[in-house]
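Below is one structure, written out as structure tokens, with a few remarks after it.
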Amino acid sequence: MDKAYDPHAIEQRWYAFWEDNGHFAPSGEGAPYCIMIPPPNVTGSLHMGHGFNNTVMDTLIRYHRMKGDNTLWQPGTDHAGIATQMVVERQLAAQGKSRHDLGREKFIERVWEWKAESGGNITRQLRRLGSSLDWSRERFTMDEGLSEAVKEVFVRLHEEGLIYRGKRLVNWDPVLHTAVSDLEVISEEEQGYMWHFRYPLSDGSGHLVVATTRPETMLGDTAVAVNPEDERYKHLIGQTLTLPLVGREIPIIADDYVDPEFGTGCVKITPAHDFNDYQIGLRHNLPMINVFTVDAKINDNGPEKYRGLDRYEARDEIVHDLRELELLEKIDDHKLMVPRGDRTGSVIEPYLTDQWFVDLTRERLEDGRPGGKAAITDPALDAVRSGKIKFVPGNWENTYYHWLGNIQDWCISRQIWWGHRIPAWYDEAGNVYVGRSEVEVRERHGLGFDVTLTQDSDVLDTWFSSALWPFSTLGWPEQTDALKAFYPTSVLVTGFDIIFFWVARMIMMGLKFMDDVPFREVYIHGLVRDAHGQKMSKSKGNVLDPIDLIDGIDLESLVAKRTTGLMQPEMAKKIEKATRKEFPEGIPAFGTDALRFTFASLASTGRDINFDLGRIEGYRNFCNKLWNAARYVLMNTEGKDCGQQGGEMELSLADRWIRSRFARAAQEVNDAIQGYRFDLAAQAIYEFTWNEYCDWYLELSKPVLTSEAASEAQKRGTRHTLVQVLESLLRLAHPIMPYITEEIWQRVGPLAGKEGATLMRQPFPEAHGADAAAEAEMQWVMDLIVGVRKIRSGMNIAPGKPLPIILDGYSAEDQARLERNRPFIRFLARTESIEWLAAGTEAPESATALVGAMKVLVPMAGLIDKEAELARLGKEIDKLKKELERGTAKLANPAFTDKAPAAVVEKERARVAEMQSALGKFEEQLERIRRL
RNA sequence: GGGUGCUUAGCUCAGCUGGGAGAGCGUCGCCCUUACAAGGCGAGGGUCGGGGGUUCAAGUCCCUCAGCACCCACCA
């Protein structure tokens, strides 16, 4: 083995080995365990969120596979309708073309070409992460099979009346020319104005003042509303106003919606361009006048003068014209929530169009079930309430309830080209027919070929197909074996940001079509942010690419990557400066295992994770530590008798101790993974490996293996333990760090008597064999060694210089322990000699440490600086005194001794007694040295 | 306007059902001891955001205030 750990030398080799040999496929034995990957955008590339998310999933999958479950991790990608279409449109735009220049068919061909070209990117990157996905089952949301499922669901929902088409006010993106769902609209507070306009009464007797943040919509006003109780306006209800600039007579209506306290108490009503006004329009039967084109320009329903003007140009003109007419009362500054499309950032316009919806609000249908329940959302709510689906952490359940309880119908049609075509056809009279195909439609409705049918030009919301993912990927509507075996899946691992987009919808669709939940648990993790808690974004220039962390990247490439293609090129300088400052040497290659270990160690539940480069560097070092520990083990065991073929074997205290400690670590890791506490699992592995196996056990093995005095049985026992514990440790760490563990295991496994092609199919370690006696005695040995080391360090004595040790105040047990473990102590404490102070003899002047009640003395002759030892003792004494004071006060308090549990009181007593004894000894020692 | 989460060592974070404040990185000192200098040994560093309460005992439970972050919501 090389002296230093080099991830590149091993990672890709092992991944290919696993994949080529089918090790990712379900074993077909054991309890089913299944995770569906949240399908990434097919033409996308891996970001830190994916890295984290997939590390968690792969850890779970590898753990369960090793536990013997029939484990499937289902891979696949999403066609990501709008996102992908926009990428290809941008490519076209670079050639000066639009999608309309190509036409629908050619354009879609282009998108497929783009998918073919870049579609392998993200799956390659997922492989780099070590993700043990069963690629033989990879799916794509626009595969034939999945498309069938989409059609089937659409048709069935439509047949039940749960999908309908209608003219409704929807969120319209004037750049994309499509409707989007509520979720795709991000509202943010922006500074704007409140314009106050006078609307004259038709009879000329005065005017009302209305306030608006959107003057241009006044062209579509069809009423002004006041509160029915408002004494100021009560008498005007039923009269009409003349809408300025337009000349239309519009009524003054009464509606509770109006808050008399706000603004003027008069609200202009534009039913076609505002969601509240739309509801009022419905209640009062008002005309709905759409004044915008699809680009949000004034259409032919507006006065001639404004037609063709962009909404904001029209706004300026209208305000100007009203001012000229002296109808502008005032303009106030006003903060308002501005809705923007999450893809385009353009201001979303409420817009009246024909769209398809999934009915999520209707009271229960007439098909026999009791009334008062929403057909789709209620079962989805019940599934979580009843505990059939559990959220981890549980507080997300409230978010889920709140959202589903207040949900609106889901607009599922999109006026774009890339996606699942809506399976609906129109005849020339505009009648609509829904079916799985045109042929089926003609058959079912008796439409001959003399009738021309045209398919609906819209496509479905991407999330419609994603909602079916847990069963469509397994073959539904076919009742496949995979579907029977793996549905419901075990757990969904995802970020909170798509609970609504995806999680809730999968639950609704799964219950509707599979009659069972899609997953039993939902593990919700946080966002990956930069080291200072800032969201990573291109525009901030603080994005880290997981592949760069694995492979490393030089500074110039990193700067180039961060500063090209910026929306605001003026930021480039600042970003470059910050990047050069933060990564003066670029980013070194940390390797996949270090990256995964970092994600795991940061994965505490319920909070975002701040990705600190210091952490990954530390864990890269940890990989190196494990690597070198393995090197040491192999040096001492390969080609030697490790007891695999029998032979007498004697286990030392150290051997028994490390086995016991391993059992505890295994217990912790098992518990942690089962509780989704990957941070605790990582910590347990780290601490066991470094602080116990390496720092103590490997050192303790040296005196046994190198000593001529040690018997063959003892050496065999130690070699056996070295190898066995390392082999078990590799299995324990494998789910988090698959590559390095596999690489080492291939050489260590056989020495431990293991057979098998790969570590990933070996059993996960169970916790057994804790040995309290060995741990207690080992603690004694360690205290003794540390005591000597502290004296050494405090006295500035070279680590290599052998020291004579005298033990005083010892018990018979101390004597026995020392005799059993002399070689360990001699080696690790670097002692020249260890002697018992004979009864009645005076100890020489010494530096002191305590092991329980026993004094460890290092004679001062020529070694020890009096002042330094006084200072050292003084510090120990101060520390003890402070602690002792607290303890004695506690025990002196009758409230404590009466009310606290006996065990707690007893423990405190023992602690105080021990501290008192230690304090006495240190003080006595201090006096002796002072007298020198 | 509702809701959630966070505030612990210089930095990034653990601390589970209340009972002697922890890790990594960074800092300081001594060491190239033949697994590892991406290392070894040792050290320093925190009135656990402020205030109040419950309790024998509070980082941990309750109330309150402050700051930060996020989610939801139709106030023109």
Side-chain angles (χ1 to χ4, degrees), chain A residues 1 3-5 187 194 210-214 225 257-259 261-270 274-279 334 336-337 350 393 395-396 398-399 402-403 406 496-497 499-500 526-527 529 531-533 535 588 594 598 601-602 604 606-615 617-636 671-672 675 677 679-680 683 686-687 691 694-695 698-699 702 706 786 789-794 796-800 830 875 883 886-887 890 893-901 903-905 907-908 911 915:
Chain A
M1 282 173 83
K3 187 169 172 181
Y5 157 68
S187 287
M194 180 84 89
V210 298
T212 181
T213 55
R214 306 223 29 212
Y257 162 74
V258 179
D259 175 3
E261 306 297 316
F262 189 87
T264 61
C266 301
V267 184
K268 64 187 266 313
I269 303 299
T270 323
D274 182 281
F275 287 100
N276 292 311
D277 294 6
Y278 179 75
Q279 292 303 326
H334 184 74
L336 73 162
M337 297 297 278
N395 52 305
W396 289 108
N398 292 324
T399 309
H402 184 259
W403 185 72
N406 296 288
F496 61 84
D497 49 328
I499 291 180
F500 307 144
L527 229 58
R529 299 168 173 278
H532 310 291
K535 210 164 168 169
T598 309
S601 72
L602 292 171
S604 45
R607 70 188 281 166
D608 288 348
I609 69 174
N610 293 354
F611 196 93
D612 182 5
L613 227 55
R615 293 288 285 256
E617 190 180 347
Y619 295 128
R620 188 269 321 260
N621 295 354
F622 175 63
C623 290
N624 189 52
K625 189 76 180 171
L626 179 61
W627 181 262
N628 277 289
R631 236 160 49 88
Y632 169 80
V633 171
L634 289 170
M635 275 176 189
N636 286 286
D671 291 349
R677 291 301 305 267
D679 56 330
L680 299 182
Q683 195 183 346
Y686 186 97
E687 285 177 357
N691 302 340
C694 290
D695 285 351
L698 294 190
E699 295 306 316
K702 288 174 185 174
T706 57
V786 169
R789 282 176 178 169
K790 278 187 179 169
I791 292 172
R792 196 186 280 280
S793 176
N796 257 331
I797 302 169
R830 303 274 152 164
K875 237 169 35 188
E883 269 302 299
R886 273 170 60 180
K890 216 168 169 184
N893 181 1
F896 172 68
T897 47
D898 293 350
K899 295 193 180 172
V904 172
V905 177
K907 200 172 151 199
E908 193 65 20
R911 206 169 77 92
M915 286 192 295

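The sequence lines fix the lettering, A, B, ..., with proteins before strands; numbering per chain opens at 1.
The same atom, C1', is picked in A76(B) and in U4(B); the two are 29 Å apart, to the nearest Å. With C1' as the reference atom, A9(B) and G22(B) are 10 Å apart, rounded to whole Å. C6(B) sits 11 Å from G49(B) when the C1' atoms are compared, rounded to a whole Å. Look at the P atom in both A14(B) and A66(B): the space between them is 25 Å, to the nearest Å. Using atom P as the reference point in both G15(B) and G19(B), the two lie 14 Å apart (nearest Å). Separation of the P atoms belonging to G3(B) and C63(B) is 13 Å when rounded to the nearest angstrom. For the P atoms, the distance from C25(B) to G20(B) is 27 Å, rounded to whole Å. Nucleotides C61(B) and U17(B) are separated by 12 Å at their C1' atoms, to the nearest Å.
In this structure, CG on N796(A) lies 13.5 Å from CD1 on I791(A), to the nearest 0.5 angstrom. Atom CZ of residue R886(A) and atom CD of residue E883(A) lie 5.0 Å apart, to the nearest 0.5 angstrom. From T213(A), atom OG1 reaches atom CE of M337(A) across 12.5 Å, with rounding to the nearest 0.5 Å.
For the pair A629(A) and C694(A), the tightest heavy-atom approach, listed with the atom from each and the gap, is CB-SG, 3.7 Å. Shown here for I609(A) and L602(A), the closest heavy-atom pair between the two residues is CG2-O, 2.9 Å. Minimum interatomic distance between V267(A) and V210(A) (heavy atoms only, all atoms of both residues): C-CG1, 4.5 Å. The shortest non-hydrogen separation linking R214(A) to K268(A) is O-NZ, 4.2 Å. Across N624(A) and K3(A), no two heavy atoms sit closer than the pair OD1-O, 4.4 Å.
Rounded to a whole Å, the NE2 atom of H402(A) is 17 Å from the C1' atom of G5(B). If you take CD1 of I499(A) and P of G3(B), they are 18 Å apart, rounded to a whole angstrom. The CZ-C1' distance, from R792(A) to C30(B), rounds to 11 Å in whole Å. Taking atom CZ of residue F622(A) and atom P of nucleotide A23(B), one finds them 16 Å apart after rounding to whole Å. Atom C1' of nucleotide G2(B) and atom CG of N395(A) are separated by 17 Å, given to the nearest angstrom. Rounding to whole angstrom units, CG of residue L527(A) and P of C6(B) are separated by 16 Å. Atom CG of N406(A) and atom C1' of C71(B) are 13 Å apart (whole Å). Between the C1' atom of A38(B) and the CH2 atom of W627(A) lies a distance of 14 Å, rounded to the nearest Å.
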Under 3.5 Å, which N/O atoms of the protein pair with N/O atoms of nucleotides 74-76 of chain B?
residue : atom : partner : partner atom : Å
C74(B)  : O2'  : N276(A) : ND2          : 2.6
C74(B)  : N1   : N276(A) : OD1          : 3.0
C74(B)  : O2   : N276(A) : OD1          : 2.7
C75(B)  : N3   : D259(A) : OD2          : 3.3
A76(B)  : O2'  : A211(A) : O            : 2.7
A76(B)  : N6   : D259(A) : O            : 2.6
A76(B)  : N6   : F262(A) : O            : 2.4
A76(B)  : N1   : D259(A) : N            : 3.2

Between protein and nucleic acid, restricted to nucleotides 47-49 of chain B and to nitrogen or oxygen atoms under 3.5 Å apart, what atom pairs and distances do you find?
none

Protein-nucleotides 33-35 of chain B N/O pairs under 3.5 Å:
residue : atom : partner : partner atom : Å
A35(B)  : OP1  : K702(A) : NZ           : 3.2
A35(B)  : O3'  : R631(A) : NH2          : 3.1
A35(B)  : O2'  : N628(A) : OD1          : 2.8
A35(B)  : O2'  : R631(A) : NE           : 3.3
A35(B)  : O2'  : R631(A) : NH2          : 2.7
A35(B)  : N7   : K702(A) : NZ           : 3.4
A35(B)  : N6   : C694(A) : O            : 3.2
A35(B)  : N6   : E699(A) : OE2          : 3.2
A35(B)  : N3   : N628(A) : O            : 3.2
A35(B)  : N3   : A629(A) : N            : 3.3

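Using the Watson-Crick or G-U wobble rule with both distances under 3.5 Å, G20(B) pairs with nothing in any strand shown. Nucleotide G45(B) forms a pair with no other nucleotide shown, judged by Watson-Crick or G-U wobble geometry with both contacts under 3.5 Å. G1(B) is paired with C72(B) under the criterion used here, namely a Watson-Crick or G-U wobble arrangement in which both key atom distances are under 3.5 Å. Pair check for G67(B) finds C6(B); Watson-Crick or G-U wobble, both atom distances under 3.5 Å. Of the nucleotides present, none pairs with U54(B) by Watson-Crick or G-U wobble criteria with both distances under 3.5 Å.
In this view, D612(A) satisfies the side chain to side chain donor-acceptor pair (under 3.5 Å) rule with no residue, not counting sequence neighbours. In terms of the ring-ring contact (aromatic ring centres under 6.0 Å, His included) criterion, residue partners of F496(A) (sequence neighbours excluded) are, by chain and number, W396(A).
S793(A) contributes no side-chain N or O that, together with a main-chain N or O of K790(A), makes up a donor-acceptor pair within less than 3.5 Å. The main-chain N or O of A798(A) is found under 3.5 Å from a side-chain atom of R792(A) such that the two form a donor-acceptor pair.
Side-chain atoms of N276(A) and Y257(A), non-hydrogen and from C-beta on, do get closer than 4.5 Å to each other. Between F896(A) and V904(A) there is a side-chain heavy-atom pair separated by less than 4.5 Å. Looking at heavy atoms from C-beta onward, Y619(A) lies in side-chain contact with S601(A) at the 4.5 angstrom threshold.
For the pair K625(A) and Y686(A), the cation does not sit on the ring face, since its NZ or CZ is not both under 6.0 Å from the ring centre and inside 45° of the axis.
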- Note on the structure: Counting primed atoms, P, OP1 and OP2 as sugar-phosphate and everything else as base, the B/S/- map of nucleotides 11-21 of chain B against protein heavy atoms under 4.0 Å is -BSSS---BBS

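The residue among A895(A) and G614(A) whose nearest nucleotide of RNA chain B is located toward the 5' end is G614(A).
Contact annotation for Y5(A): base contact, defined as any heavy-atom pair under 4.0 Å involving a base atom.
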